[in-house]
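Structure, as structure tokens:
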Amino acid sequence: MKERLEQMKCRVRDREHKSLRQDVKLDICEECEAEELSWPRRMARITEKMCEAERPVILPDEQIVFTRTVKGVPGAPMPKDVQARLDAEGKRTGWGAGNICCDWGMPLSQGLLGRREVAERTRHRLANDADAVEFLDAAIQTIDAVLGLVARYAEEARKQGRDDLVAILEQVPARPPRTFHQALQSHRFMHAAVWMSGSVHVGLGRLDQYMWPYLKADLDAGRLTTEQAEELLAEFFIGLNKDTDLYPGVQQGDNGQSLMLGGVTREGNDAVNPLTWMVLRVSHDVNMIDPKINLRVNRNTDIDLLTEAARLTRRGLGFPQYANDEVVIPGLAAHGYDLEDARDYTVAACWEFIIPGRGMDAPGAGAMSFPAATDKAIREGLAAGDTFEQILERTRLNIRQQVQAHVNRWKRSTVGVPAPYYSVLMTDCLEQGRDVTDGGAKYYNHGIHGAGSSNAVDALAAVKKFVFTEQSVAPDELLRALAANFENDEPLRQKLFNEGPKLGNDDSVNSLLTVLFDLFAEACEEIQDNGRGGIVRAGTGTAMYYIWLAKKPEEGDMAEPGVGATADGRHAGDFFSSSLAPSPGVKVRGPISILQAFSNIDYQRVCNGGPITMELSDTVFRDEEAVRKVAMLVRTFAMLGCQQLQLNTLNVKVLQDAKQHPERHRDLIVRVWGWSGYFCELDEPYQDHIIARHSFAL
Amino acid sequence: MGIVFDIKEFAVHDGPGIRTTVFLKGCPLRCAWCHNPEGFSPEPQVMTGPAGTRTVGQTYSSDELAARLNQLAEVLQANEGGVTFSGGEPLLQAGFVAEVIDRLDHLHVLLDTCGHASEQDFRLVVSRSDLVFYDLKLMNPVEHRRWTGADNTKILRNLDVLSGMDVPFVVRVPLVPGVTDTDENVAAVAERIRGLPGLRRVDLLPYNKGAGGKYKACGMDFRPSYDESAKPRVNPAPFEGAGIEVHVR
């Protein structure tokens, strides 16, 4: 990267722009009540206030501008009458537009003034529909607010003698961009303004698709070289890291700025283009947490493209994350998504499959705890003298009960918080005169994470083997040990943990995984309406539930059930695996066996998303040949029919944790020289040596 | 029956493509720089590390091991890979390894060997292999005995057998500081292999600190009498001079 960008990156990473932040308190509740503003108008008002409060910041070396100076994401002052109605119906506060993705290509190509014209036309057509008019007026108000902010930026640019920026800001985001540079600037304003309008987790979608026409035109006309384009893209990416501390999430960085690359077009043609490659290269060079790169692949994806992606994996940022088109597209189609939409999928904040512009899905609307479902079945079943098949039947009912409980909760929360500005950027909301949270979108499905599957499978497999097949453990003995958290039964725990069959290295266990996810899918498929006119999708992710749901029932503060010690030899309180991975601490055969194990899930029925998660030591990536083999591993993932994959390169923090807690990292393999060994079997000085070496590499 | 101390999936540094590497337990040599001390003894043994103890050395019938390897056949074939037999020294269990290979499902086989074996055992396995990684450590027989516990007579004889067998091979030279990395030794290796039919290239493997990592877990001391902290001398010139492709790993 050029010196200019390196400096910019350092400034952003050190958050120097924090000194520009103003302490503005925006409270519009009183005036909204006094003026008796409708809810959409309140959301427009707060957007307007946020835009007005911004102080333009243009730094001398910036070619793409906008730095937020007002902290926070504004709240939603719900009108009293809406609150009263909810109370009367025994319902809860509504849900907001978040964790979705705009139809970015559309507002870019129309410009905000183009969107404003659409709103005006619809308003004229639906003049007798009071709700539509109210929504459209609110939407127009937000467009004007954003354009007002941009006008002040143009003014500041003029003051600074930045004629280059003045020309750009007079064009975008009001009008369609004429260049790649203008397109990136337009996107920067439109995207950042979504947070300022009160929404969070704003995805970037298929950037290589909607930005490519602008880049291609520049390259074809000789207006821009590839090098110049990469520099602009790098600056755009650095810009995405400016405000991350203002965006709420479970942890900083959990902000939903996910970007999807590759795949197929809505017509089903190969969508990889030179910008796909450029994003991978630039992301590698920028080396920051945002944007989070995803790549759509299939078994025939160019191995050179996968190798470029593997170079990015080597960076240790934990991305790209891969999704398999061959599995995801038919899976979405089977869940009622139109084929063209299914082909257009991207991911929400983490991994959940959503449709840009058209999906108002809530794909992370809770979790189903597999370990709680199986553990309850095991304890009650063994106490009642069940057969193994009867325990499975109890598991089925428990899973169903958890899914039903979610749906019942959602049905109490049916009102969406209006999102007039977000709606401007979504497909057909202005055209229909309907807010994205009120019928303007096409899809309103829910997704439930299926958490802790490997521990649950291992627990069932242990019971099957030791209690039923071998009869080497008596039901009473196991029940006592579970109740006491193995306090006086360490040998039994060791037996369950070390000698029990484990997911990832035993085919009979792998087939139990299929059974569990089928039961989960069946429970979700039973739901005709999630309360918002959508269905319920079963998923394989966990988000933070692998920690939250590992709490004991009496300690949990979640809607979902907790669980104590489990029959796979897990102590109460020990975490589950994140998304799809063998149970923590279990020694398994290796990456290919793990892929094979998780290829057993029927992803046509389980399509909410959630990646197989694997950590590779960065010592794997010794040379280009090895990088190419990581690319082959990704191709294998596609070939085996898996759905989603996250490859992490281990960093020094993990190694240090492995030193402190070797029991958690028994599978951690490090390359020491012309050989590999289990990190935890190395003597301390050698561990230190490797930790030191990694530190230098950072 | 055979005894194995590890099976490593997705071995990216043990030959072409995606491979599964089988580490056979037991070795006739005792190289001072060996990083796999659990490969010395052909018997099961207990290793004790910070993560607890585990028994190293699992016995397999040739059917069992072949079945385990064939499970990944489709993946290995699709990725230009196959199975690597390493150790220890796989030729110490030549009959077993040959039986396993005969049961593999059309998989590319790489033999990683020190060459210290009878000609009969050597031919038995090499004739079933698609590629051989052949270690040459020291040309001087006295030095060889001093550092590995055996002289290199069999190794050099099998090198000639190998070059007459029409199986491609790669010569691998570990560069241990002050032991094998000397100009004299490297030049002698280059001279010895110059023009051998079947030789594809030479891999030079520079020594890094860390070879002793697993000794304590095996209940052994690691006390190298060479200077572990010295940087090995990497000199590909003699090989290039002999017209041999050379890689530094």
Side-chain angles (χ1 to χ4, degrees), chain A residues 299 303 494 498 505 507 585 587-596 614 616 619-623 625-633 635-637 639-640 658-666 668-687 689-690 693, chain B residues 6-21 23 33-36 38-39 47-54 56 68 71-72 74-81 86 112 135 172 174-175 203-218 222 232 247-249:
Chain A
R299 76 185 66 196
I303 194 77
Q494 292 271 353
N498 292 324
N505 56 17
D507 284 339
K587 202 162 174 174
V588 290
R589 289 176 178 174
I592 315 277
S593 289
I594 290 173
L595 292 177
Q596 280 189 331
M614 270 189 214
L616 299 175
T619 53
V620 163
F621 297 88
R622 193 176 43 162
D623 49 29
E625 200 185 318
V627 175
R628 192 162 177 278
K629 290 180 187 179
V630 173
M632 287 176 171
L633 182 68
R635 186 172 64 185
T636 300
F637 143 83
M639 196 180 94
L640 292 174
K659 212 185 139 192
Q660 296 298 318
H661 305 284
E663 71 283 359
R664 293 183 196 160
H665 297 275
R666 282 168 53 179
L668 174 58
I669 293 168
V670 287
R671 189 137 184 116
V672 187
W673 154 28
W675 57 287
S676 298
Y678 291 108
F679 182 79
C680 299
E681 284 184 356
L682 300 178
D683 274 351
E684 195 174 9
Y686 297 96
Q687 293 184 334
H689 174 67
I690 290 164
R693 196 172 66 197
Chain B
D6 201 3
I7 298 176
K8 191 154 145 277
E9 254 182 47
F10 191 58
V12 295
H13 304 291
D14 295 334
I18 293 185
R19 311 194 70 81
T20 302
T21 301
F23 294 90
W33 52 85
C34 185
H35 52 260
N36 282 337
E38 74 274 41
M47 278 179 84
T48 308
T53 60
R54 67 180 180 110
V56 175
R68 164 92 188 259
Q71 210 172 27
L72 300 184
E74 197 194 346
V75 169
L76 302 178
Q77 284 155 354
N79 290 293
E80 303 153 32
S86 184
D112 180 10
D135 285 6
R172 312 228 294 176
L175 298 177
D203 285 349
L204 299 179
L205 314 171
Y207 181 85
N208 282 349
K209 272 181 79 166
K214 293 193 266 190
Y215 279 72
K216 197 173 164 195
C218 291
F222 180 64
H247 290 185
V248 179
R249 294 284 170 179

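Note on naming: letters A, B, ... go to the chains in the order of the sequence lines (proteins, then strands), and numbering restarts at 1 for each one.
Using a 4.5 Å cut-off between heavy atoms, I303(A) does not touch chain B at all. Proximity to chain B is limited to the side chain of M639(A), based on heavy atoms less than 4.5 angstrom apart.
A heavy-atom distance below 4.5 Å is found between the side chains of L72(B) and Q596(A).
Listed here is the closest heavy atom pair of H13(B) and A626(A): CE1-CB, 3.8 Å. Nearest heavy-atom pair across L616(A) and F10(B) is CD2-CE2, 4.4 Å. Counting all heavy atoms, side chain and backbone alike, L633(A) lies closest to I18(B) at N-CD1, 3.8 Å.
When each of K659(A), H661(A), K629(A) is scored by its heavy-atom pairs under 4.5 Å with chain B, the top score falls to K629(A). Your options are E80(B), R68(B), K216(B), and the one with the most heavy-atom pairs under 4.5 Å with chain A is R68(B).
Around CD of E74(B), the count of heavy atoms belonging to other residues, nucleotides or ligands within 6.0 Å does not exceed 12.
With R635(A) contributing its side chain and N79(B) its backbone, the two residues share no donor-acceptor pair below 3.5 Å.
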Run the numbers on E625(A) and R249(B) for side-chain contact (heavy atoms from CB on, under 4.5 Å), then give the verdict.
CA-CA 11 Å; E625(A) 200 185 318; R249(B) 294 284 170 179; 3.4 Å; yes

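Residue N498(A) holds its CG atom at 12.0 Å from CZ of R54(B), rounded to the nearest 0.5 Å.
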